[in-house]
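Here is the structure we will look at.
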Amino acid sequence: METPPFPKPESLEAALALQRALAQRVVLEGSLEGVRLLAALDASHKKGKPLVAVAVLYHLERGPLFVGRGKVPEEELFPYIPGLLSFREAPAYLEALRHLPEAPEALLVDGQGIAHPRGLGIASHLGVHLDLPSVGVAKSLLFGRPEAPLPQEAGSAVRLLSPQGQPLGYAYRSRTGVRPLFVSPGHRVGLEEALAFVRRLPTRFRLPEPLRLAHLEAGRALGALD
DNA sequence: GCGACAG
DNA sequence: ATCTTGTCGC
């Protein structure tokens, strides 16, 4: 698929300003009910090596179809700063997506959607950048708090609220006895619809299968570097 | 000033 | 993200 270039911010202030501008473009409505072809994104990095990203093209009925890879040399990497993750990882994701044989109908990203201090987690940023529906699935919390204790049963969810009480997404128990995941809409999808989409994904372990495969492939690709 | 803090 | 052995538990 085609992917527009992703300019590296000149400063921290420029990055924050860009986030605030792009956050205004996020659309929080839409259903992913008809989506069958998605791309799951994850990255792996180790000091002294490039950051490696993987895009797994995944069909809900046929399973994994293709793996696209991308990397960014360590010297060119934006530093990891909580809240600015997309500036570090998105360039590698875009390169990985560029290698896919066809465009996905939606993105599933390892990280936050709108559950972010400025409403633009990496899932939202990529969604707006590519004008694609997107959903964020994070393994830990960045912003917001669950409004109630999360039941232990697989499939249970409680809303994630901002400090001002606005709903941002969900704490979600994908399997009994595992730590919660944090699901939030990225772009062109509603709050509840984002959760419904994640619930529709096959989940053998804690992570939805497409993301788990992307995670495995990213680690594999990092280790296979010369 | 003191914590919190995706990957 | 990664560094890391054994260990607790299903």
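What you are looking at is a predicted structure, and each value in this text was computed from that prediction instead of being measured. A note on names: the letters A, B, ... follow the listed sequences, proteins ahead of strands, and every chain is numbered from 1.
A/Leu108 and A/Val35 fall within a single hydrophobic cluster, where Ile, Leu, Val, Met, Phe, Trp and Tyr side chains are chained together by heavy-atom contacts under 4.5 Å.
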- Task: Apply salt bridge (charged side-chain N to carboxylate O under 4.0 Å, His left out) to the pair A/Glu209 and A/Arg204, showing each step before the final yes or no.
- Result: CA-CA 7 Å; A/Glu209 211 54 13; A/Arg204 314 197 316 187; 3.4 Å; yes
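Distance CD1 (A/Ile122) to P (B/dC5): 19 Å, rounded to an integer number of Å. Taking atom CG of residue A/Leu84 and atom P of nucleotide B/dC5, one finds them 16 Å apart after rounding to whole Å. We find that NZ of A/Lys47 is positioned 12 Å from C1' of C/dC3, with the value rounded to whole Å. Regarding A/Asp42, its CG atom lies at a distance of 12 Å from the C1' atom of B/dA6, rounded to whole Å. One atom, CG of A/Leu16, and another, C1' of B/dC5, lie 14 Å apart when rounded to the nearest Å.
Counting only distance, with no hydrogens or angles, the side chain of A/Gln112 and the backbone of A/Phe143 share no donor-acceptor pair below 3.5 Å. With A/Arg206 contributing its side chain and A/Lys139 its backbone, the two residues share a donor-acceptor pair below 3.5 Å. Distance alone, capped at 3.5 Å, is enough to place a donor-acceptor pair between the A/His99 side chain and the A/Arg69 backbone.
Using a 4.0 Å heavy-atom distance criterion, A/Leu120 is classed as making no nucleic acid contact. Using a 4.0 Å heavy-atom distance criterion, A/Gly177 is classed as making no nucleic acid contact. The residue A/His125 sits apart from the nucleic acid: no heavy atom pair falls under 4.0 Å.
Of the residues in residues 129-164 of chain A, A/Ala138, A/Lys139, A/Ser140, A/Leu141, A/Leu142, A/Arg145 come within less than 4.0 Å of DNA chain B through at least one heavy atom, sorted by number.
Nearest to the side-chain atoms of A/Lys46 among the listed nucleotides B/dA6, C/dC3, C/dA1 stands C/dC3.
A tilted orientation is assigned to the rings of A/Phe6 and A/His125, their planes being inclined by 30° to 60°.
Here A/Phe182 does not lie in a stacked arrangement on the base of B/dA6, lacking the combination of planes under 30° and ring centres under 5.5 Å apart.
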